[in-house]
Trainee: 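Dropping a structure here in C-alpha cells format, bear with me for questions.
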There are 2 protein chains.
Amino acid sequence: MGLAKTEMFTDEQNEISLFAKVFGHPARVAILEHLFKIDRCVCGDLVNEIGLAQPTISQHLKELKHLGLIKGNVVGTSVCYCINTENWVKMKEVMIRFLDKDIPKPDCC
Amino acid sequence: MGLAKTEMFTDEQNEISLFAKVFGHPARVAILEHLFKIDRCVCGDLVNEIGLAQPTISQHLKELKHLGLIKGNVVGTSVCYCINTENWVKMKEVMIRFLDKDIPKPDCC
DNA sequence: ATATATTATCGTAATATTGCAATGAATAAA
DNA sequence: TTTATTCATTGCAATATTACGATAATATAT
C-alpha cells in the first residue's frame, strides 16, 4: 500500500525513521553539507551548487524545514537558509543513540 | 520521475543517503533494534515481534541484508539473522561523520 | 505603476515503496 | 513418502517520492 504502519512501532522508532528518511536522498545530504560548509546562512545559490532545478531544490528545502533541521529567513527578494542548530543537536542525539549500540559478539550465526 | 540523480552527487553523499534510506522505515529500525537487543542471532520470530505479515518482514530483511547490515544463516527449516558487526561499524563511521559536524553560530539568519 | 529577481506552489509524469495473499522451495518430522 | 514448518519470491494494488515546466507570490528597483 505504500504506507508505513507507524501505529505498530514506538515513537522513538518512528522518529528515527523520519529523520533517516529525510537523509535518504543525496540532494538533501548535499544541501545540509553545503549549509554546514559555508557556516553562515545561505539563500538560493543551492540551485547552482547542486545542479537540480529550482522547484526541486525548493521541495527538498521544504522537507528539511518541515522536520526542523533548517531555518529560512526572507531577506529582500531572496531567502536565507541555515541549519537549525538546536534541532540538529537533538536529532543527532536520537540518531547516535540508535547507531551506537553495543556490538554483539561477531559471527553469532 | 521518482528517480534520484545520483550522478550529480559525491560517492559519500550517495552512500550516506543509501544507509539513511534503509533506516527510513520504522519496521527496519525495529528489526535492527531487536537484533541488537537479543544479542544472539535471530530467526523468524521477528514476524511475531513486529506484527507485520511474513512477506513484508522478509522484504525488509532482504533490504537490510542487501546493504550488508545483517547476515542470515540457514538453520534447518528456519533462518537465523544477526547484525553484521563489521559493516555496522563502517556504516556508523560514515553516518556519524555526517551527523557530527561543527555547529555553526546560532541564529545565523 | 512596471519591470525584474527570487522563491514557492501546482500539476503532472515517471518511478519507487509498502504491504500482503498466493505460491514456491527447502528442510525436518511422521 | 507424506505432512508440516519456515522462509523466499511473485504479483498486484495503493500510496509515496522525485523531478520539472508553468505559474503564482513577494519584494526590490526603476
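In what follows, every chain begins at residue 1, and chains take the letters A, B, ... in the order their sequences are listed.
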Trainee: CD1 of B:Ile70 to CD1 of B:Ile83: how many Å apart, nearest 0.5 Å?
Mentor: 7.5 Å
Trainee: Which one, D:dT18, D:dT6, D:dC20, comes nearest to the side chain of A:Ala53?
Mentor: D:dC20
Trainee: Please determine whether a side-chain nitrogen or oxygen atom of B:His60 lies at a distance below 4.0 Å from atom OP1 or OP2 of C:dG19.
Mentor: yes
Trainee: Do B:Phe98 and A:Glu33 have side chains that get closer than 4.5 Å, going by heavy atoms?
Mentor: yes
Trainee: How does DNA chain D look in dot-bracket form if you count Watson-Crick and G-U pairs under 3.5 Å, write [ ] for pairs that cross, and put | where a base pairs with another strand?
Mentor: ||||||||||||||||||||||||||||||
Trainee: Side-chain N or O of B:Thr56 less than 4.0 angstrom from OP1 or OP2 on C:dC20?
Mentor: yes
Trainee: Using side chain to side chain contact (heavy atoms under 4.5 Å, CB included) as the criterion, point out the one residue from A:His25, A:Glu49, A:Glu63, A:His60 that pairs with A:Ile31.
Mentor: A:His60
Trainee: Is there, by distance only and without an angle test, a donor paired with an acceptor across the side chain of B:Gln54 and the base of D:dA8 below 3.5 Å?
Mentor: yes
Trainee: Mind checking B:Lys21 for me? I need base, sugar-phosphate or nothing, with any heavy atom below 4.0 Å counting as a touch.
Mentor: sugar-phosphate
Trainee: Among C:dT6, D:dA19, C:dG19, which nucleotide has an atom closest to any side-chain atom of B:Lys5?
Mentor: D:dA19
Trainee: Nearest to the side chain of B:Ser78, heavy atoms from C-beta on, is which of D:dC20, C:dT6, D:dT6?
Mentor: D:dT6
Trainee: Output the single nucleotide from D:dC20, C:dT27, C:dT6 whose closest atom is nearest the side chain of A:Gln59.
Mentor: D:dC20
Trainee: Given D:dA8, C:dG19, D:dT9, identify the nucleotide with an atom nearest to the side chain of B:Pro55.
Mentor: D:dT9
Trainee: Please determine whether any donor N or O and acceptor N or O are separated by less than 3.5 Å between the side chain of A:Thr77 and the base of D:dA27.
Mentor: no
Trainee: Side-chain N or O of B:Tyr81 less than 4.0 angstrom from OP1 or OP2 on D:dT6?
Mentor: no
Trainee: Of the nucleotides C:dG19, D:dT9, D:dC7, which has the atom closest to the B:Lys62 side chain?
Mentor: D:dT9
Trainee: Side chain of B:Arg28, heavy atoms from C-beta onward: which of C:dT18, C:dA8, D:dA19 has the nearest atom to it?
Mentor: C:dT18
Trainee: With a 3.5 Å distance limit and no angle check, can you tell me whether A:Trp88 reaches the backbone of B:Leu99 through a side-chain donor-acceptor pair?
Mentor: yes
Trainee: Select base, sugar-phosphate, or nothing to describe what A:Ser58 touches, counting heavy atoms under 4.0 Å on all strands.
Mentor: base
Trainee: Would you kindly confirm whether B:Val22 and A:Leu18 end up in one hydrophobic cluster when ILVMFWY residues are joined by side chain heavy atoms under 4.5 Å apart?
Mentor: no
Trainee: Between D:dT5, C:dG19, D:dC20, which one does the side chain of B:Leu52 approach most closely?
Mentor: C:dG19
Trainee: Both B:Asp45 and B:Thr6 contact DNA chain D. Taking the nearest nucleotide for each, which residue is further toward the 5' end?
Mentor: B:Asp45
Trainee: As a test of reading the structure: which of C:dT6, D:dC20, C:dT7 is closest to the side chain of A:Val79, going by heavy atoms?
Mentor: C:dT7
Trainee: Let me know, please, whether A:Val47 or B:Val74 comes out on the 5' side of the other along DNA chain C by nearest nucleotide.
Mentor: A:Val47
Trainee: Crowded around B:Asp11 CG? As in, over 12 foreign heavy atoms under 6.0 Å?
Mentor: no
